[in-house]
Colleague: 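Okay, handing you the structure first.
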Amino acid sequence: MLYELDIIDVLCEDLKQKGYNIVKRKKAFRHEGADIIAKKNENGLNIFFYIEVVGGTSSDPTSKKFGEPFDSSQCKVHVSELLYACFEHVSMPKQENASYRIAMAFEDNKHYRKHIEQIKSALEEMKIEILFINTEKEITL
């Protein structure tokens with residue numbers, strides 16, 4: 001199982017390799033705001049990438065679920081919470097000469113995949129990207 005911060009590490013490294021600068025990233029299991037904000041400039045256009053992340057288990061050592069896999073109900077709640085955060089990013093004021101990408105990233109497991117599959121067409125319509133990170137720390141779509 002991967003903790004949320006493990007997934008954030010993998011994604012930030014991948015973004016850096018793709019030419020993004022990490023503007024903000026979550027560094028502790030409790031924080032406010034987007035989990036990752038990355039930015040790069042292509043041909044005079046600023047591209048911002050906002051990513052919301054959840055792992056496969058709790059990162060909080062005081063939690064009853066610490067080190068235990070989330071069940072399907074918990075995963076559904078996490079998808080809902082990340083979706084709300086993504087809608088906030090979609091709704092925020094935008095800069096001129098900028099493009100925005102929004103994504104949700106999950107540990108690759110059957111529960112998250114099931115819940116994402118159920119709303120996949122709406123996510124595509126809203127242009128919210130989905131990233132799955134497996135236990136080998138590989139990113140899949």
Side-chain angles (χ1 to χ4, degrees), residues 1-63 65-141:
M1 282 179 296
L2 296 172
Y3 296 109
E4 185 174 1
L5 294 175
D6 296 330
I7 293 173
I8 289 171
D9 289 341
V10 170
L11 291 171
C12 285
E13 187 57 38
D14 183 66
L15 289 165
K16 287 177 191 174
Q17 290 177 7
K18 292 178 178 172
Y20 282 90
N21 294 311
I22 306 304
V23 175
K24 180 182 175 186
R25 61 158 291 159
K26 179 178 180 176
K27 294 182 180 178
F29 67 87
R30 289 195 174 102
H31 87 294
E32 297 281 325
D35 292 330
I36 300 171
I37 303 173
K39 176 184 171 185
K40 73 176 175 178
N41 188 289
E42 283 186 357
N43 303 320
L45 179 69
N46 286 322
I47 301 169
F48 291 92
F49 200 173
Y50 287 75
I51 306 174
E52 295 295 337
V53 179
V54 68
T57 185
S58 174
S59 299
D60 182 353
T62 65
S63 167
K65 280 309 235 180
F66 180 72
E68 297 291 324
F70 293 128
D71 63 28
S72 181
S73 300
Q74 291 168 309
C75 290
K76 186 174 184 178
V77 168
H78 297 153
V79 169
S80 302
E81 290 171 340
L82 265 58
L83 187 56
Y84 183 86
C86 287
F87 284 163
E88 287 182 316
H89 300 315
V90 169
S91 301
M92 70 184 175
K94 307 291 190 282
Q95 293 181 9
E96 288 186 36
N97 294 329
S99 173
Y100 292 82
R101 294 176 65 190
I102 311 286
M104 297 190 295
F106 303 93
E107 179 184 79
D108 194 351
N109 70 42
K110 66 182 180 182
H111 300 309
Y112 286 126
R113 283 202 176 264
K114 176 183 90 170
H115 296 302
I116 290 300
E117 187 61 36
Q118 292 172 335
I119 61 171
K120 187 176 182 178
S121 63
L123 294 169
E124 289 170 352
E125 193 170 319
M126 293 296 298
K127 297 183 175 146
I128 297 173
E129 301 173 42
I130 302 300
L131 307 169
F132 291 103
I133 294 77
N134 63 28
T135 54
E136 288 79 38
K137 299 186 178 179
E138 300 167 325
I139 302 168
T140 58
L141 307 176

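Positions are given from 1, in the same order as the sequence printed here. All heavy atoms count here, side chains included; hydrogens, waters and symmetry mates do not.
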Colleague: To the nearest 0.5 Å, tell me how far Leu11 CG sits from Lys18 NZ.
Modeller: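 Between Leu11 CG and Lys18 NZ, I get 9.0 Å after rounding to 0.5 Å.
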Colleague: Quick check: are there more than 12 heavy atoms from other residues, nucleotides or ligands sitting under 6.0 Å from CD of Glu136?
Modeller: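 Count over threshold, so yes.
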Colleague: Just wondering, more than 12 heavy atoms not from Asn97 lying within 6.0 Å of its CG?
Modeller: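 Counting other residues, nucleotides and ligands, CG of Asn97 stays at 12 neighbours or fewer.
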Colleague: Measure from the side-chain N and O atoms of His111 to the backbone N and O of Gly56, and report whether any donor-acceptor pair falls under 3.5 Å.
Modeller: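 No, because the side chain of His111 does not come within donor-acceptor range (under 3.5 Å) of the backbone of Gly56.
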Colleague: Quick check for you: to the nearest 0.5 Å, what is the distance between Glu129 atom CD and Arg101 atom CZ?
Modeller: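 Between atom CD of Glu129 and atom CZ of Arg101 there are 4.0 Å.
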Colleague: Is the closest side-chain heavy-atom distance between Val54 and Glu81 below 4.5 Å?
Modeller: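 Val54 vs Glu81: side chains apart.
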Colleague: Which value, rounded to the nearest 0.5 Å, describes the distance between Ser73 atom OG and His115 atom NE2?
Modeller: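 Nearest 0.5 Å value for the OG-NE2 distance: 7.0 Å.
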Colleague: Can you tell me how far apart CD (Glu96) and CG (Asn46) are? Round to the nearest 0.5 Å.
Modeller: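 Those atoms lie 12.0 Å apart.
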Colleague: Which pair of heavy atoms, one from Leu15 and one from Ala38, lies closest together, and at what distance?
Modeller: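 Heavy atoms only, the tightest pair is CD1-CB, 3.9 Å.
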Colleague: Assess whether a salt bridge exists between Lys65 and Asp60, defined as any Lys/Arg side-chain N lying under 4.0 Å from an Asp/Glu carboxylate O.
Modeller: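 Salt bridge flag = no for Asp60 with Lys65.
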Colleague: Assess whether atom NZ of Lys40 is packed by more than 12 heavy atoms of other residues, nucleotides or ligands within 6.0 Å.
Modeller: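 Buried by this count: over 12 neighbours within 6.0 Å.
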Colleague: So, for Ser59 and Pro61, which heavy atoms are closest and what is the spacing to 0.1 Å?
Modeller: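 Nearest pair, atom of Ser59 first, then Pro61: O-CD, 3.2 Å.
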Colleague: Between Leu123 and Leu83, is there a side-chain heavy-atom distance shorter than 4.5 Å?
Modeller: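 The answer is yes; the side chains approach within 4.5 Å.
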Colleague: Does some side-chain heavy atom of Val10 sit less than 4.5 Å from a side-chain heavy atom of Leu2?
Modeller: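 A side-chain contact under 4.5 Å is absent here.
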Colleague: Does Gln17 reach the main-chain N or O of Asp14 with its side chain, forming a donor-acceptor pair under 3.5 Å?
Modeller: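 Such a contact is absent between Gln17 side chain and Asp14 backbone.
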Colleague: For a 4.5 angstrom cut-off between non-hydrogen side-chain atoms, does Ile130 reach Tyr112?
Modeller: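 No - every pair of side-chain heavy atoms lies 4.5 Å or more apart.
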Colleague: Check whether any side-chain heavy atom of Glu4 lies under 4.5 Å from a side-chain heavy atom of Asp35, and answer yes or no.
Modeller: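 Yes, at least one pair of side-chain atoms sits under 4.5 Å.
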Colleague: Would you say the side-chain atoms of Lys24 pair up with the backbone N or O of Ile22, donor to acceptor, closer than 3.5 Å?
Modeller: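 Absent.
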Colleague: So His78 and Phe70, would you call those rings parallel, tilted or perpendicular, with 30° and 60° as cut-offs?
Modeller: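 Ring orientation of His78 relative to Phe70: perpendicular.
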Colleague: For a quick test of reading the model, state the closest non-hydrogen atom pair linking Phe87 to Ile128 and the distance between them.
Modeller: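 That closest heavy-atom pairing would be CE2-CD1, 3.9 Å.
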Colleague: List the atom of Ala103, the atom of Cys86, and the distance in Å for their closest heavy-atom pair.
Modeller: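 Shortest heavy-atom contact: O-SG, 3.8 Å.
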Colleague: Flag the pair Ile133 / Asp108 as yes when at least one side-chain heavy-atom distance between them is below 4.5 Å, and no otherwise.
Modeller: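 Counting from C-beta outward, Ile133 and Asp108 never come under 4.5 Å.
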Colleague: Which atom names give the shortest non-hydrogen contact between Lys94 and His89, and what distance separates them?
Modeller: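 It is NZ-O, 3.3 Å.
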Colleague: To the nearest 0.5 angstrom, please state how far the CZ atom of Arg113 sits from the OG1 atom of Thr140.
Modeller: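 With rounding to 0.5 Å, CZ (Arg113) is 4.5 Å from OG1 (Thr140).
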Colleague: State, to 0.1 Å, how close Gln95 and Tyr100 come at their nearest heavy-atom pair, and which atoms those are.
Modeller: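 Closest pair (atom of Gln95, atom of Tyr100, distance): N-OH, 2.9 Å.
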Colleague: Evaluate Ile116 against Met104 for side chain to side chain contact (heavy atoms under 4.5 Å, CB included), listing each step before the verdict.
Modeller: CA-CA 10 Å; Ile116 290 300; Met104 297 190 295; 3.9 Å; yes
Colleague: Between CZ of Arg25 and CD1 of Ile8, what distance do you get to the nearest 0.5 Å?
Modeller: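 Answer for the CZ-CD1 pair, Arg25 versus Ile8, is 6.0 Å.
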Colleague: Treating Tyr50 as the side-chain partner and Val90 as the backbone partner, does any N or O pair qualify as donor plus acceptor under 3.5 Å?
Modeller: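 Pair absent, no side-chain N/O of Tyr50 close to backbone of Val90.
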Colleague: Return the orientation label for the Phe49 and Tyr20 ring planes: parallel under 30°, perpendicular over 60°, tilted otherwise.
Modeller: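 The arrangement is tilted - the two ring planes meet at 30° to 60°.
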